[in-house]
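Here the structure comes first, spelled out in structure tokens, and everything after it is commentary.
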Amino acid sequence: MRARTAAAAGVLGVSLLTGCAAPAPEPPPASPLRAPGNPASPAVPATRTSGTPPPITWQVGARPLPLRPDGFGEILPTPPELVNRALPTRDLLPPPANDRYAANVTAVPADVLARSTWLPACPVASADLRYVTLSFWGFDGRAHTGELLVRQDAAKPLTDAFGELFAQRFPIEEMRITAPAELDAAPTGDGNNTSAFVCRPARGQTNWSAHAYGLAVDVDPFCNPYTKGDLVLPELASSYVDRKNVRPGMVLAGDPVVRAFAREGWQWGGAWRSPTDRMHFTATGA
């Protein structure tokens, strides 16, 4: 049970450490918000019939990494196929009608709860969670529907923030609920799933993370890696530690993504000094 034993050390694909956010650094160049392949004019949105999806050049999760003594995978150079990551999105839910933003919030269906990481020992009751489906733009230039589990009072702030990201055509590769098996899986260092609720401790600690309360979300983790010392998570995302090489999917200080969450009162872990958690947005400040 790799990730159970590493639970005190953390789990690949979602991140959090407690601590106060440091003042944001000076803003770097503006983030490119338009997904690759999108038309220049918003009046002509990408559609399901606008062309052939790009080929899949990398199979995510297929190559387990050697383990470090701390339980994480070895930090290896970013493979050439992922240096400018733009993998297509596989539809798990029907895409939004007419490529328009749509969000739906309901009680968590039993089958959804069963495939999540929720257990009775988690710090949030299942009745206090909500199942959210919402639209996002993929790196493939297409509109997709994703799913999140969040605490009830976080549902509206998140749907509003992601609505702004959709309006800006900020690309997201994947948005699905984390499965229990992922907590025990060998690290592959190439995940890029945007997720919210995951019942686990904070990275490197024994207390619950904000994710375990449904009060945090990680956005495009591979494009926005967590770093502390020599640790980079996901482990193959070292290329994205260079924030001067701006690519789609990156979240940068002061950009529209940070501002969208800030308007909802959510803080950005990319402003932290150690660790720097670029993927992480939290309602708790931790």
Checking N84 now: which residues fulfil side-chain contact (heavy atoms from CB on, under 4.5 Å) with it, not counting sequence neighbours?
R247
Let me check something: any side-chain donor-acceptor pairs from residues 71-82 under 3.5 Å, sequence neighbours excluded? List them with distances.
{"unit_1": "T78", "atom_1": "OG1", "unit_2": "L236", "atom_2": "O", "d": "2.6"}
{"unit_1": "T78", "atom_1": "OG1", "unit_2": "S238", "atom_2": "N", "d": "3.2"}
{"unit_1": "T78", "atom_1": "OG1", "unit_2": "S239", "atom_2": "N", "d": "2.8"}

Could you list the residues that satisfy salt bridge (Lys or Arg N to Asp or Glu O under 4.0 Å) with R63, not counting sequence neighbours?
none
Salt bridge (Lys or Arg N to Asp or Glu O under 4.0 Å) with D230: which residues, sequence neighbours excluded?
R68
State which residues pass side chain to side chain donor-acceptor pair (under 3.5 Å) with D220; sequence neighbours excluded, sorted by chain then number.
none
With sequence neighbours left out, what residues match T276 under side chain to side chain donor-acceptor pair (under 3.5 Å)?
none
Under the ring-ring contact (aromatic ring centres under 6.0 Å, His included) test, which residues partner F261, sequence neighbours left out?
F162, F281
Applying ring-ring contact (aromatic ring centres under 6.0 Å, His included) to F166 and not counting sequence neighbours gives Y101, W137
Could you work out the complete set of other residues in the hydrophobic cluster of V83, with links drawn between I, L, V, M, F, W and Y side chains under 4.5 Å apart?
none
According to side-chain hydrogen bond (donor to acceptor under 3.5 Å, both in side chains), does anything in residues 110-128 pair up with another residue at least two apart or in another chain? List the pairs.
R115-E147
Kindly state each residue pair satisfying salt bridge (Lys or Arg N to Asp or Glu O under 4.0 Å) with at least one member in residues 149-167, sequence neighbours excluded.
R151-D153, K156-D160
Can you run down the disulfide bond (SG atoms under 2.5 Å apart) pairs that involve residues 111-163, sequence neighbours left out, and say none if there aren't any?
C122-C199
